[in-house]
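Inspection log for the structure reproduced underneath, given as structure tokens.
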Amino acid sequence: MLQFFSKKLFLKDLLEDFVDIHNHVLPGIDDGAKCVKEALSLIEKMKVLGVSQFIPTPHVMQDFYPNTEETIGEAYQVLLENLDSKLQSDITLNPAAEYMLDSHFESLLENKDLFTLKKNYVLIEMSYFQPPINLEAILFKIKSQGFIPVLAHPERYSFYHNNLGYYKQLKTLGCLFQLNLLSLGDHYGRRVEKTTAYLLDKNYIDFVGTDVHNENHIHKLSNLRLNKNLVKNLQGIIEKTNTTFSVT
């Protein structure tokens with residue numbers, strides 16, 4: 001239970017029965033879990049952290065991780081086959097994907113061939129070097145095709161750090177924001193941490209996820225201390241995430 005009068009507030013105190021909508025635990029298909037053994041270890045440790053429902057989101061990047069319905073489905077089945085019965089009864093696993101906004105994504109979008117987080121929520125990301133030149137047009141197309149764009153880790157796109165006002169424009173365009181929980185600390189650097197505080201202060205964050213790729217991420221999440229001023233706001237976002245994406 002969260003101890004409000006403690007001098008140390010830990011993120012893990014807020015994560016009981018958490019629905020993690022962004023992680024890379026499917027084995028062997030992107031830069032997350034490299035094999036089934038590692039995937040099982042990540043899941044066990046995330047369960048201890050408080051995660052009870054997993055939405056694995058392997059990258060779909062045409063140039064690096066050209067995942068398809070087949071590759072995601074195969075990795076998912078292999079993982080299920082290796083979960084022991086006790087763990088299977090304690091958690092849920094429902095795969096989705098994290099889509100790079102490239103020309104391949106636009107083709108998938110045209111055919112409505114997307115692995116969504118739930119219903120019509122689709123997780124998207126951009127290059128860390130620059131946004132797509134037609135970003136606003138892509139967002140409009142996503143919406144017009146009946147999907148809701150959820151932008152992964154908006155706080156990590158450094159090209160917006162000196163243009164914070166553009167985040168409001170993205171929200172106006174109907175883009176929801178998913179914050180990486182590690183951005184609440186210094187894991188990605190001071191500028192990301194500062195941008196995170198700005199987005200939270202503006203109430204721009206809709207959902208949160210772990211974006212776990214490896215055990216180091218889980219270790220850092222387990223030891224992450226929170227500024228007390230963030231807790232109330234963050235609790236509401238976690239509850240919204242759980243309510244929106246829970247399968248129960």
Side-chain angles (χ1 to χ4, degrees), residues 12 15 17-102 104-105 108 113-118 121-128 150 152-153 156 178 180-183 187-188 207-224 241-242 245-248:
K12 62 186 178 183
L15 296 182
D17 291 327
F18 181 54
V19 181
D20 186 16
I21 67 171
H22 185 177
N23 59 78
H24 296 267
V25 301
L26 289 189
I29 59 173
D30 68 358
D31 58 344
K34 297 178 179 63
C35 61
V36 171
K37 182 179 180 180
E38 184 176 348
L40 294 173
S41 179
L42 293 179
I43 290 170
E44 287 278 11
K45 288 179 170 61
M46 291 171 73
K47 180 175 175 292
V48 172
L49 188 63
V51 180
S52 63
Q53 298 187 37
F54 294 76
I55 303 178
T57 49
H59 293 290
V60 178
M61 302 179 184
Q62 186 62 15
D63 293 336
F64 296 99
Y65 305 110
N67 282 307
T68 64
E69 180 178 355
E70 289 74 24
T71 62
I72 294 172
E74 288 172 6
Y76 174 58
Q77 286 302 319
V78 168
L79 184 55
L80 285 184
E81 290 167 6
N82 284 274
L83 284 175
D84 64 50
S85 57
K86 175 65 167 64
L87 190 55
Q88 278 204 44
S89 66
D90 288 342
I91 66 170
T92 63
L93 274 164
N94 292 291
E98 180 183 11
Y99 292 96
M100 177 63 68
L101 293 182
D102 54 20
H104 178 60
F105 171 76
L108 294 173
D113 186 20
L114 301 176
F115 268 112
T116 60
L117 297 171
K118 186 178 181 182
Y121 291 92
V122 60
L123 187 67
I124 59 174
E125 66 173 334
M126 297 184 282
S127 164
Y128 291 117
V150 179
H153 40 66
R156 294 186 63 193
Q178 174 260 305
N180 277 9
L181 288 170
L182 279 173
S183 296
H187 176 72
Y188 302 112
F207 309 118
V208 291
T210 68
D211 198 7
V212 157
H213 284 66
N214 53 60
E215 292 192 7
N216 181 52
H217 288 168
I218 300 172
H219 175 73
K220 288 195 171 186
L221 287 169
S222 299
N223 292 284
L224 182 58
T241 305
N242 291 341
F245 296 103
S246 175
V247 297
T248 58

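Both backbone and side-chain heavy atoms feed into the values below; hydrogens, waters and symmetry mates do not.
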Q: Using the side chain to side chain donor-acceptor pair (under 3.5 Å) rule, take His217 and Asp211 through it: C-alpha gap first, then chi angles, then the decisive distance, then the call.
A: CA-CA 8 Å; His217 288 168; Asp211 198 7; over 6 Å; no
Nearest-0.5 Å distance that lies between atom [atom1] in [X] and atom [atom2] in [Y]:
X      : Y      : atom1 : atom2 : value
Leu221 : Met46  : CG    : CE    : 8.0 Å
Leu15  : Thr241 : CG    : OG1   : 10.5 Å
Arg156 : Glu125 : CZ    : CD    : 9.0 Å
Ile55  : Ser246 : CD1   : OG    : 9.0 Å
Leu26  : Gln77  : CG    : CD    : 10.5 Å

Backbone of [Y] reached by a side-chain donor or acceptor of [X] within 3.5 Å:
X      : Y      : value
Gln53  : Asp17  : no
Ser222 : Ile218 : yes
His24  : Thr57  : yes
Asn216 : His219 : no
Asn242 : Phe18  : no
Asn82  : Val36  : no

Q: Please identify each residue that fulfils side chain to side chain donor-acceptor pair (under 3.5 Å) with Glu44, with sequence neighbours left out.
A: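 For Glu44 there are no side chain to side chain donor-acceptor pair (under 3.5 Å) partners, ignoring immediate neighbours.
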Q | By side chain to side chain donor-acceptor pair (under 3.5 Å) - contacts of Ser127 (at least two apart) | A |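 Once residues adjacent in sequence are excluded, Ser127 has no partner under the side chain to side chain donor-acceptor pair (under 3.5 Å) criterion.
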Q) Can you find a pair of side-chain heavy atoms, one from Ile72 and one from Ile29, that are under 4.5 Å apart? A)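 Heavy-atom side-chain distance check passes, below 4.5 Å.
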Q. Hey, are the side chains of Leu79 and Ile43 touching, using non-hydrogen atoms and a 4.5 Å cut-off?
A.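 SC-SC contact between Leu79 and Ile43 confirmed.
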Q) Does the side-chain contact (heavy atoms from CB on, under 4.5 Å) test come out yes or no for Glu38 and Ser41, once each step is laid out? A) CA-CA 5 Å; Glu38 184 176 348; Ser41 179; 5.6 Å; no
Q. Could you go step by step and tell me if Leu182 and Tyr188 meet the side-chain contact (heavy atoms from CB on, under 4.5 Å) rule?
A. CA-CA 8 Å; Leu182 279 173; Tyr188 302 112; 3.7 Å; yes
(Q) Going by salt bridge (Lys or Arg N to Asp or Glu O under 4.0 Å), name the residues that satisfy it together with Asp20, two or more places apart in sequence or in a different chain. (A)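 Not a single residue meets the salt bridge (Lys or Arg N to Asp or Glu O under 4.0 Å) criterion with Asp20.
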Q.
List the residues meeting salt bridge (Lys or Arg N to Asp or Glu O under 4.0 Å) with Lys45, not counting sequence neighbours, and say none if there are none.
A.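 Salt bridge (Lys or Arg N to Asp or Glu O under 4.0 Å) check on Lys45 returns Glu215.
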Q | Full working for side-chain contact (heavy atoms from CB on, under 4.5 Å) between Tyr65 and Val60 | A | CA-CA 5 Å; Tyr65 305 110; Val60 178; over 6 Å; no
Can you name the closest pair of heavy atoms from [X] and [Y] and give their distance?
X     : Y      : answer
Ala96 : Thr116 : CB-O, 3.3 Å
Leu80 : Gln88  : O-NE2, 3.0 Å
Thr68 : Phe115 : O-CE1, 4.5 Å

Q) What residue pairs, at least two apart or across chains, pass ring pair (Phe, Tyr, Trp, His ring centres under 6.0 Å) with a residue in residues 70-101? A)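 Passing the test, one end in residues 70-101: Tyr99-Phe105.
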(Q) Test side chain to side chain donor-acceptor pair (under 3.5 Å) on Asn67 and Glu69; report intermediate values, then the result. (A) CA-CA 7 Å; Asn67 282 307; Glu69 180 178 355; over 6 Å; no
Q: Only counting residues at least two apart or in another chain, list the ones meeting side chain to side chain contact (heavy atoms under 4.5 Å, CB included) with Lys118.
A: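 If we apply the side chain to side chain contact (heavy atoms under 4.5 Å, CB included) test to Lys118, skipping adjacent residues, the hits are Phe245.
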(Q) Here's a test for you: under side chain to side chain contact (heavy atoms under 4.5 Å, CB included), which of Leu83, Asp84, Val25 qualifies with Leu40? (A)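 Only one of Leu83, Asp84, Val25 forms a side chain to side chain contact (heavy atoms under 4.5 Å, CB included) with Leu40, namely Leu83.
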Q.
Is the ring pair His22/His153 parallel, tilted or perpendicular, if the boundaries are 30 and 60 degrees?
A.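 Answer is tilted, since the angle falls between 30° and 60°.
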Q | side-chain contact (heavy atoms from CB on, under 4.5 Å) between Asp90 and Lys47, intermediate numbers included | A | CA-CA 9 Å; Asp90 288 342; Lys47 180 175 175 292; 3.4 Å; yes
**Q.** Greater than 12 external heavy atoms within 6.0 Å of Tyr128's OH
**A.**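 Enclosed.
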